[in-house]
Amino acid sequence: MPTKKSTPDFILILVTFTLLAVGLIMVYSASAIWAEYKFDDSFFFAKRQMLFAAAGIMAMFFIMNIDYWTWRTWAKAIVIICFVLLVLVLIPGVGNVRNGSRSWIGVGAFSIQPSEFMKLAMIAFLAKYLSERQKLITSFRKGLLPSLGLAFLAFGMIMLQPDLGTGTVMIGTCVVMIFISGAKISHFAVLGLIGLGGFAGLVLSAPYRMKRITSFLDPWEDPLGSGFQIIQSLYAIGPGGLFGLGLGESRQKFFYLPEPQTDFIFAILAEELGFIGGSFVLLLFSLLLWRGIRIALGAPDLYGSFLAVGIIAMVAIQVMINIGVVTGLMPVTGITLPFLSYGGSSLTLMLMAIGVLLNISRHARY
């Protein structure tokens, strides 16, 4: 077990809190009009996000002081618990349906999204598996196939909800971890072709997914239907210009862009704070990824390195997909922007993951 250093990575803490502060401000700015109309309280979403942030910060500092090897010990149990939750969420009366997906389990006045926590559980388990069997990873049958088997089982259960976005982030994170561990590129090429075929099948099997693809190629083909969100998002980003319209001055949040505090919050940020504000947020994410990579390279053992790589890959993939969707570079999918978008499960999960990363930084040599 590695020797613990006295201080965690200060820059990582500072960047995380800056992103969190920007997120809280933007959740209020983006949601105030909608919240006032629907709940007669302009602070409805902002207050809940502050509660999620407070719970997440407490969890982050608590986890920061738990030796990361603890997650290696409990990785199998955590994955099993998450699988049980993925089963429970599919049961009518237990799982709650929102926007066509049965992805939430109600807990009092709040809900949790088991698929979000499965992402972190899979990272912890896969880091354990890869660190113990790295010499076998070049074998397709003994290394690569078993490591991806559990991930695709979880992906299949998440798709039953259905939630293609979260499943894609999880699979993408697992692929990055396995690639970093030394798997053969030729094996990935074969699996990539199979994966493309499977992805095409998933798209063709659901008409709404096919509409998202066609609206991505030409949103104006159905401007009031499948292309509506991306068109309104671009209408938000375009007028923002260099400096933006000013904080709180968004026009698209006046019932044009649906629920702007969630997946499309970056569009409102770009509209109000402009290119400068958007670039500042991207710079913060770049700093977070840089510190994460340094921690992964300086970790004292393979498990710590794989765990850090998994966390950083999860954040990076989610940021790329979200901003790609908002700017029209990718088809629309339900992926939140880490630390900024409204959502309890997503925010809490990300802060917990940062807590794990901070603990690794207390052992890292850099």
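On a predicted model such as this, the values are computed, not experimentally measured, just so you know.
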| message | Distance check, rounded to the nearest 0.5 Å: L269 atom CG versus L247 atom CG? | response | 9.0 Å

| query | Taking T327 for the side chain and I323 for the main chain, is one N or O donor matched with an acceptor at less than 3.5 Å? | reply | yes

| query | Is there side-chain contact between T166 and Q161, with heavy atoms separated by less than 4.5 Å? | reply | no

| I311 side, atom CD1; M352 side, atom CE - distance, nearest 0.5 Å | 10.5 Å

| note | For I123 and G310 the tightest heavy-atom approach is CD1-O, 3.4 Å

| message | Please say yes or no: joined through hydrophobic side-chain contacts below 4.5 Å, possibly via intermediate residues, are V87 and M170 part of one cluster? | response | yes

| task | Heavy atoms only: give me the nearest R362-P8 pair and the separation to one decimal. | result | CG-CA, 3.7 Å

| Hey, are D41 and K47 close enough for a salt bridge, meaning a charged N less than 4.0 Å from a carboxylate O? | yes

| Test item: S115 and L86 side chains (from C-beta on) under 4.5 Å apart, heavy atoms | yes

| message | Using every non-hydrogen atom in the two residues, find where Q49 and S341 come nearest and quote the distance to one decimal. | response | NE2-O, 3.0 Å

| field | Backbone N/O of I178 and side chain of S181: donor-acceptor pair under 3.5 Å | value | yes

| task | Compare every heavy atom of N359 with every heavy atom of Y68, then report the nearest pair and how far apart it is. | result | N-OD1, 2.8 Å

| Rounded to the nearest 0.5 Å, how far apart are CG of L150 and CZ of F125? | 5.5 Å

| task | Assess whether side chain to side chain donor-acceptor pair (under 3.5 Å) is satisfied between Q229 and D263, documenting all intermediate values. | result | CA-CA 10 Å; Q229 275 187 304; D263 302 344; over 6 Å; no

| field | Where L307 and A127 come nearest, the two heavy atoms and their spacing | value | N-CB, 3.7 Å

| query | If Ile, Leu, Val, Met, Phe, Trp and Tyr residues are connected whenever their side-chain heavy atoms lie under 4.5 Å apart, and connections chain through other members, are M122 and V315 in the same group? | reply | yes

| said: In this structure, would L160 and L88 fall into the same cluster of hydrophobic residues linked by side-chain contacts under 4.5 Å? | reply: yes

| request: Report, as yes or no, whether the 6.0 Å neighbourhood of atom CZ on F39 holds more than 12 heavy atoms from other residues, nucleotides or ligands. | output: yes

| message | Testing the basics here: between A308 and I360, what is the closest heavy-atom pair and its distance to 0.1 Å? | response | N-CD1, 3.9 Å

| Take atom CZ in F228; do more than 12 heavy atoms of anything else shown fall under 6.0 Å from it? | yes

| Passing option when K128 is tested against Y303, W71, F306 for side chain to side chain contact (heavy atoms under 4.5 Å, CB included) | Y303

| request: For the pair F155 and F152, name the ring-plane relationship: parallel under 30°, tilted 30 to 60°, perpendicular over 60°. | output: perpendicular

| field | Min side-chain heavy-atom separation L349-M314 under 4.5 Å | value | yes

| request: Report yes or no: does E36 contribute a side-chain atom to a donor-acceptor pair with the main-chain N or O of S42 at less than 3.5 Å? | output: yes

| Are the side chains of L12 and S361 in touch, meaning some heavy atoms are under 4.5 Å apart? | no

| message | In this structure, would L19 and F10 fall into the same cluster of hydrophobic residues linked by side-chain contacts under 4.5 Å? | response | no

| Are the side chain of K253 and the backbone N or O of Q261 linked by a donor-acceptor pair below 3.5 Å? | no

| task | Might you confirm whether atom CZ of F255 has over 12 heavy atoms from other residues, nucleotides or ligands at distances under 6.0 Å? | result | yes

| request: Please tell me if the side chains of L357 and I312 come closer than 4.5 Å, counting only heavy atoms from C-beta onward. | output: yes

| query | Are side-chain heavy atoms of M350 and Q318 found at a separation under 4.5 Å? | reply | yes

| query | If only atom types and distance count, is the side chain of E271 paired as donor or acceptor with the main-chain N or O of G244 below 3.5 Å? | reply | no

| said: Check for me, please, whether I354 and L287 land in the same ILVMFWY cluster - side-chain distances under 4.5 Å, paths through other members count. | reply: yes

| Summary of side chain to side chain donor-acceptor pair (under 3.5 Å) pairs that have at least one residue in residues 342-356, sequence neighbours excluded | R48-Y342, T336-S346

| message | For the backbone of F61 and the side chain of N65, can you confirm whether one donor and one acceptor N or O come within less than 3.5 Å of each other? | response | yes

| F339 side chain near L284 side chain, heavy-atom distance below 4.5 Å | no

| message | Are the side chains of F83 and L153 in contact, using a 4.5 Å heavy-atom criterion? | response | yes

| query | Is a side-chain N or O of D163 found less than 3.5 angstrom from the main chain of I158, in a donor-acceptor match? | reply | no

| request: If you link ILVMFWY side chains whenever their heavy atoms are less than 4.5 Å apart, which other residues fall into the same cluster as F243? By chain and number, please. | output: L242, F275, I276

| message | Whether the side chain of S305 engages the backbone of L297 through a donor-acceptor N/O pair (distance < 3.5 Å, no angle test) should be reported. | response | no

